Amino acid sequence: MSDASQSMVIVGETDASIFDLNLRLRRIPQRLADARRQLEAEELLLNEVLEPWTQLEREIQERETTIKIALDTIGKFEVHMKKVTTQKEYLAARKQVDEARRLNTRLQDEILERRVAQEELNPRLEERRGTHRKVLESYQVEEGAILKEQAQLEQEIAVLAKRVEEHLQIIGSNAHPYYQRLMKSGKQPAVVPIVGGSCQGCNMALPPQTYNQLLASSGKLFTCPACARIIYTQAPDTNVQAGAAAG
Ligand SMILES: [Zn+2]
């Protein structure tokens, strides 16, 4: 077997590995999305309780702000009541104070109602916060593992691509730029063996004359007339050895 023939076999096998690794790499965004979906479902469940709880809290804050203003008003009018000289002024001030006090009482009651409603939500809120926290933690672990796998796959592919490039350079005939064009155009795997007379990229049977030329090509760049992929065949002596070992 010539160096070029051996290189062609190595390129074919390495390219098949690159193809498998690329398949795994392409599944990664989907795997990340699947993992995220669980987390998102848990976020929805949490928000079912958290949103009404937060709304109550907002309403309480608003009322507490109004109470501060009412108390301020009461204070001011109480001071004013001590200074007034006429009965009319006194009654007017008194009226303001009473109104502010009534408002205060109503707001206190409303706050109390909301605190009670919040307390009713609290057990469920705690439970869902707990579950959400756990799901978030496991998502982060899973995401980390998937991203690590992605980095490893990219690294492996880079190593194999380098090997393909080196061996394509041994084959020569602009094999490497041609291979890159095939990869870019999505013809992956780009280097395929001929098995049983058929191209393993497109399944077309090779015309007998082309097949004989390929057998005689001893590792020169050869392409499938149907799909344009780089094709190669295992040297007959390799097959005999493999058959003998298997038998
Ligand atoms: Zn083909």
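All ligand and atom numbering here is 1-based and tracks the order in the structure. Model, not experiment: these values are computed from the prediction. Every heavy atom of this structure was used, including side-chain atoms; hydrogens, water molecules and symmetry mates were not.
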Could you go through the side-chain contact (heavy atoms from CB on, under 4.5 Å) check for V97 and M81 one step at a time? CA-CA 10 Å; V97 170; M81 274 157 66; 3.9 Å; yes
Audit row: T131, L46, side-chain contact (heavy atoms from CB on, under 4.5 Å) steps and yes/no: CA-CA 9 Å; T131 317; L46 173 61; over 6 Å; no
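Between the side chains of Q55 and R58, at least one donor-acceptor pair of N or O atoms lies under 3.5 Å. Neither side chain, E42 nor Q38, offers a donor N or O lying under 3.5 Å from an acceptor on the other.
Below the 2.8 Å limit, the Zn ion (ligand 1) has as protein N, O or S neighbours C199 SG, C202 SG, C224 SG, C227 SG.
Every pair passing side chain to side chain donor-acceptor pair (under 3.5 Å) that includes a residue from residues 106-116 is listed here, sequence neighbours excluded: E59-R114, R63-E110, R106-E110, R115-Q118.
Relative ring orientation between H176 and Y179 is described as parallel, the plane-to-plane angle staying below 30° on a 0-90° scale split at 30° and 60°.
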